[in-house]
Amino acid sequence: MNDVPNRVPSHAPLDAATARSVQDELRSRVVLDESGPTPGTGHVTGVDVAYDDERDVVVAAAVVLDAATLTTIEEVTATGRVEFPYVPGLLAFREIPTVLAALERLTADPGLVVCDGYGQAHPRRFGLASHLGVLTGLPTLGVAKNPFTFTYEQPGPARGDSSPLLDTVDGAEVGRALRTQPGVKPVFVSVGHRISLDNACAHTLHLAASYRQPETTRLADSLCRRALAQATGL
DNA sequence: GCGACAG
DNA sequence: ATCTTGTCGC
């Protein structure tokens, strides 16, 4: 008898060890040889999540923008229960279920999805953006506010300056520290699925015309916070 | 073995 | 992520 079930109830609690094996399994499906959509064309969608761990509520938001004008085409939210704690390296398991629910509510084509977190810049090369890309088949990229366990040299001071984000262990370039605003702390860009690092940075720079964070992230962030406040009841 | 560690 | 007022500045 095999003591490992080949199917698990979708709501069965997932332990950390199992979650890591799921990442190792899905990682082989990541596509890294596509350059991705051209910046400024089609749709770009920002996704983000807000939590109320007290009440066990999580709200995800997805905001679709016209990439050329950065105007909002559609915005949706989805509410769920927190079913996974924050564990470094396993953030996707906490955020993705509700993010998927939000994406399913969209009527517009998401186009490129911009995530709040990492893709390749991950201990097992399978961060939130990679995970969401594999599950949806959509091109994805990750933009994070912190370098996690990776190292980098300070990029130049000008907008657009960047430097490699390196894995401390094997020295691989897992992403890039990108200066989106002059003299402001860089953001950390990495590839999720079906996009090149150069193109991911180009998209991020295009989307961060006025602020440090890309407009997609800013809009999705404020939307899910507002929705959470409403769901929680002020 | 213990701590650090995207959000 | 979240706890949290006013305040400095463009």
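Residue numbers start from 1 in every chain, and the chains themselves are labelled A, B, ... in the order their sequence lines are given, proteins ahead of strands.
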Discussion item. If you take any heavy atom closer than 4.0 Å to DNA chain B, which residues from residues 131-156 of chain A end up in contact?
Written reply: A/Ala144, A/Lys145, A/Asn146, A/Phe148, A/Thr149

Worksheet item: Where along residues 18-32 of chain A does a heavy atom fall under 4.0 Å from DNA chain B?
Response: none

Item to complete: Tell me, please, which residues at least two apart from A/Arg218 pass side chain to side chain donor-acceptor pair (under 3.5 Å).
Response: A/Glu215

Discussion item. The criterion is side chain to side chain donor-acceptor pair (under 3.5 Å); which residues satisfy it with A/Ser222, sequence neighbours excluded?
Written reply: A/Arg226

Sort me out a list of protein N/O and nucleotides 4-10 of chain C N/O pairs below 3.5 Å, or just none if empty.
none

Worksheet item: Which part of the nucleic acid, if any, lies within reach of A/Ala50 when heavy atoms closer than 4.0 Å are counted: base, sugar-phosphate only, or nothing?
Response: sugar-phosphate

Worksheet item: NA contact type, A/Leu90, heavy-atom cut-off 4.0 Å: base, sugar-phosphate, or nothing?
Response: base

For [range], which residue pairs qualify under ring pair (Phe, Tyr, Trp, His ring centres under 6.0 Å), counting only residues two or more places apart or in two chains?
range: residues 69-102 of chain A; result: A/Phe84-A/Phe93, A/Phe93-A/His131
range: residues 199-221 of chain A; result: none
range: residues 33-78 of chain A; result: none

On a heavy-atom basis, which atom in [X] and which in [Y] lie closest, and how many Å separate them?
X: A/Val174; Y: A/Leu166; answer: CG2-C, 4.5 Å
X: A/Leu178; Y: A/Cys201; answer: CD2-O, 3.6 Å
X: A/Gly111; Y: A/Leu138; answer: O-CD2, 4.0 Å
X: A/Ala19; Y: A/Leu90; answer: CB-CD2, 4.0 Å

Worksheet item: Should the pair A/Asp24-A/Arg20 be classified as a salt bridge under the 4.0 Å nitrogen-to-oxygen rule?
Response: no

Can you tell me the distance, in whole Å, between the [atom1] atom of [X] and the [atom2] atom of [N]?
X: A/Arg55; N: C/dT2; atom1: CZ; atom2: P; answer: 14 Å
X: A/Phe93; N: B/dA6; atom1: CZ; atom2: P; answer: 17 Å
X: A/Asp48; N: C/dT2; atom1: CG; atom2: P; answer: 9 Å
X: A/Asp52; N: C/dA1; atom1: CG; atom2: P; answer: 14 Å
X: A/Arg124; N: B/dC5; atom1: CZ; atom2: P; answer: 17 Å
X: A/Asp221; N: B/dG7; atom1: CG; atom2: P; answer: 11 Å
X: A/Gln213; N: B/dA6; atom1: CD; atom2: P; answer: 14 Å
X: A/Leu178; N: B/dA6; atom1: CG; atom2: C1'; answer: 17 Å

Discussion item. I need the full list of salt bridge (charged side-chain N to carboxylate O under 4.0 Å, His left out) pairs touching residues 84-96 of chain A, with sequence neighbours left out, sorted by first then second residue.
Written reply: A/Asp53-A/Arg94

For [X] and [Y], which I'm curious about, is there any donor-acceptor pair between the side chains at under 3.5 Å?
X: A/Glu74; Y: A/Thr107; value: yes
X: A/Gln23; Y: A/Arg124; value: yes
X: A/Asp15; Y: A/Thr18; value: yes

Fill in: Bracket notation of DNA chain C in which parentheses pair within the strand, [ ] cross earlier pairs, and | pairs with another strand (Watson-Crick or G-U, under 3.5 Å)
..........

Worksheet item: Once Watson-Crick and G-U wobble pairs under 3.5 Å are found, how is DNA chain B written in dot-bracket notation, 5' to 3', with | for any base paired to another strand?
Response: .......

Worksheet entry | Side-chain heavy atoms of A/Thr72 within contact of A/Val64, under 4.5 Å | no

Exercise answer: donor-acceptor pairs, residues 143-154 of chain A side-chain atoms, under 3.5 Å, sequence neighbours excluded:
residue, atom, partner, partner atom, Å
A/Lys145, NZ, A/Asp116, OD1, 3.0
A/Lys145, NZ, A/Asp116, OD2, 3.4
A/Asn146, OD1, A/Lys185, NZ, 3.4

Worksheet entry | Centroid distance under 5.5 Å and plane angle under 30°, A/Tyr51 vs C/dA1 | no

Worksheet entry | OP1 or OP2 of B/dA6 under 4.0 Å from side-chain N/O of A/Arg94 | no

Worksheet item: If you draw a 6.0 Å radius around CZ in A/Arg105, do more than 12 non-hydrogen atoms from other residues or ligands fall strictly inside?
Response: no

